[in-house]
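One structure is given below, encoded as structure tokens.
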Amino acid sequence: MVKCPRCGYENSVSSKYCDNCAYLLTDQQGNRINNTKRSSSWNVGIAKKIVIVLGIIVIALLLFSFIYNNSQPSPEDSLNVITDNGTVNHSSSYPFTAVVKYDGTWYSKMGDPNYLVDQSGSGEKMFLLDCAPWERVSIMAQKEDYGDGELTIELLKNGDVVARNSTTNASGSIEINYNY
């Protein structure tokens, strides 16, 4: 019996080719081929394997990069900015709106608690908050003119009021902290 060096199949002594994988077992004169010295072909095999693995890794990285870049919001939507919703029509995937109501002048900070944006004004104003639905939202407002009127802040999510706070104190300061 002659063992095939490629697949290990036990062939008959008269076989020129392996009965299992068709590997050449004899040369043209019928002599057995010494297949024990395969260091150069083994190195070529390893080199090919390394190239294939590296190729797969490069393709996977390119695919990941493509998917990641195409799943990110546009530069306009990714900014954590509060804008006046009354003067500019914004199309945003962020669902939060802040409403500040007071007949006098007021000052506020609002947005993601880690990135609060300062706003001030008078009367009633609405602000689109660029906070994603899973983020926390914080709104703090204070009267600047120390008036007697009511200062009210509301947090709306997709148009529905989810939090409200108000004060009539002359130096009134109010706050809303909303965790999805």
Side-chain angles (χ1 to χ4, degrees), residues 41-180:
S41 72
W42 178 247
N43 289 338
V44 172
I46 290 175
K48 286 180 183 178
K49 290 175 186 177
I50 291 172
V51 168
I52 289 171
V53 168
L54 289 177
I56 290 171
I57 291 172
V58 168
I59 289 171
L61 288 174
L62 289 173
L63 183 63
F64 173 76
S65 175
F66 176 77
I67 291 171
Y68 178 79
N69 288 334
N70 287 333
S71 66
Q72 297 302 308
S74 68
E76 294 81 23
D77 287 342
S78 66
L79 296 175
N80 195 358
V81 178
I82 299 176
T83 56
D84 184 15
N85 200 13
T87 59
V88 181
N89 185 13
H90 290 281
S91 61
S92 177
S93 61
Y94 302 115
F96 294 109
T97 304
V99 180
V100 181
K101 300 176 187 176
Y102 179 58
D103 290 333
T105 57
W106 49 265
Y107 169 80
S108 69
K109 289 184 173 196
M110 55 183 79
D112 181 316
N114 297 319
Y115 305 102
L116 294 174
V117 177
D118 297 336
Q119 290 292 331
S120 60
S122 61
E124 179 177 335
K125 288 202 175 186
M126 294 179 75
F127 298 94
L128 178 65
L129 303 180
D130 281 349
C131 298
W134 58 85
E135 292 180 323
R136 295 178 301 146
V137 179
S138 180
I139 305 171
M140 295 171 276
Q142 182 172 354
K143 296 179 182 180
E144 283 191 328
D145 62 1
Y146 302 102
D148 292 333
E150 183 177 26
L151 171 64
T152 303
I153 54 175
E154 294 178 339
L155 178 64
L156 287 75
K157 183 175 183 181
N158 297 322
D160 298 326
V161 176
V162 293
R164 175 181 291 149
N165 199 353
S166 65
T167 184
T168 55
N169 189 339
S171 61
S173 176
I174 52 178
E175 186 174 329
I176 292 176
N177 288 306
Y178 181 78
N179 294 325
Y180 57 93

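Remember, predicted model here, so these are calculated numbers, not experimental data.
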Reference residue Leu155; test side-chain contact (heavy atoms from CB on, under 4.5 Å); the match among Asn165, Ile139, Asp160: Ile139

Is it the case that the side chain of Trp106 and the backbone of Thr152 share a donor-acceptor pair, with hydrogens and angles ignored and the cut-off at 3.5 Å? no

Results of side chain to side chain donor-acceptor pair (under 3.5 Å) for Ser138 - residues two or more places apart only: Asn177

Closest non-hydrogen atom pair between Ile153 and Ala141, with its separation: CG2-CB, 3.6 Å

If you draw a 6.0 Å radius around CG in Asp103, do more than 12 non-hydrogen atoms from other residues or ligands fall strictly inside? no

Residues passing the side chain to side chain contact (heavy atoms under 4.5 Å, CB included) test with Ile50, sequence neighbours excluded, are Ile46, Leu54

Can you name the closest pair of heavy atoms from Ala163 and Ile176 and give their distance? CB-CG2, 3.6 Å

Looking at every non-hydrogen atom in both residues, tell me the closest pair between Gln142 and Ser171 and how far apart they are. NE2-O, 4.3 Å

Ser65 side chain vs Leu61 backbone, donor-acceptor pair below 3.5 Å: no

Can you find a pair of side-chain heavy atoms, one from Leu116 and one from Asp112, that are under 4.5 Å apart? no

Separation between CD (Glu154) and CE (Met126), nearest 0.5 Å, reads 9.0 Å

Where do Gly172 and Thr167 come nearest, in terms of heavy atoms and distance? CA-CG2, 3.8 Å

Take atom CG in Asp145; do more than 12 heavy atoms of anything else shown fall under 6.0 Å from it? yes

Excluding sequence neighbours, so at least two apart, what forms side chain to side chain contact (heavy atoms under 4.5 Å, CB included) with Ser122? Thr105

Interatomic distance, CZ@Arg136 vs OH@Tyr178, rounded to 0.5 Å, equals 13.5 Å

Heavy atoms, side chains only, cut-off 4.5 Å: are Val137 and Leu129 in contact? yes

CA sep, side-chain torsions, deciding dist, call: Phe96, Leu156, side chain to side chain contact (heavy atoms under 4.5 Å, CB included): CA-CA 6 Å; Phe96 294 109; Leu156 287 75; over 6 Å; no

Distance col, row Met110:CE vs Gln119:CD, nearest 0.5 angstrom, shows 6.0 Å

Hey, what do you get for CD (Glu175) to OG (Ser108), rounding to the nearest 0.5 Å? 12.0 Å

Say whether, by atom type as modelled, one donor and one acceptor occur between the side chain of Lys143 and the main chain of Tyr102 under 3.5 angstrom. no

Would you call Lys101 and Glu150 a salt bridge, taking side-chain N to carboxylate O under 4.0 Å as the test? no

Interatomic spacing from CD1 in Ile174 to CG in Leu151 - rounded to 0.5 Å: 4.0 Å

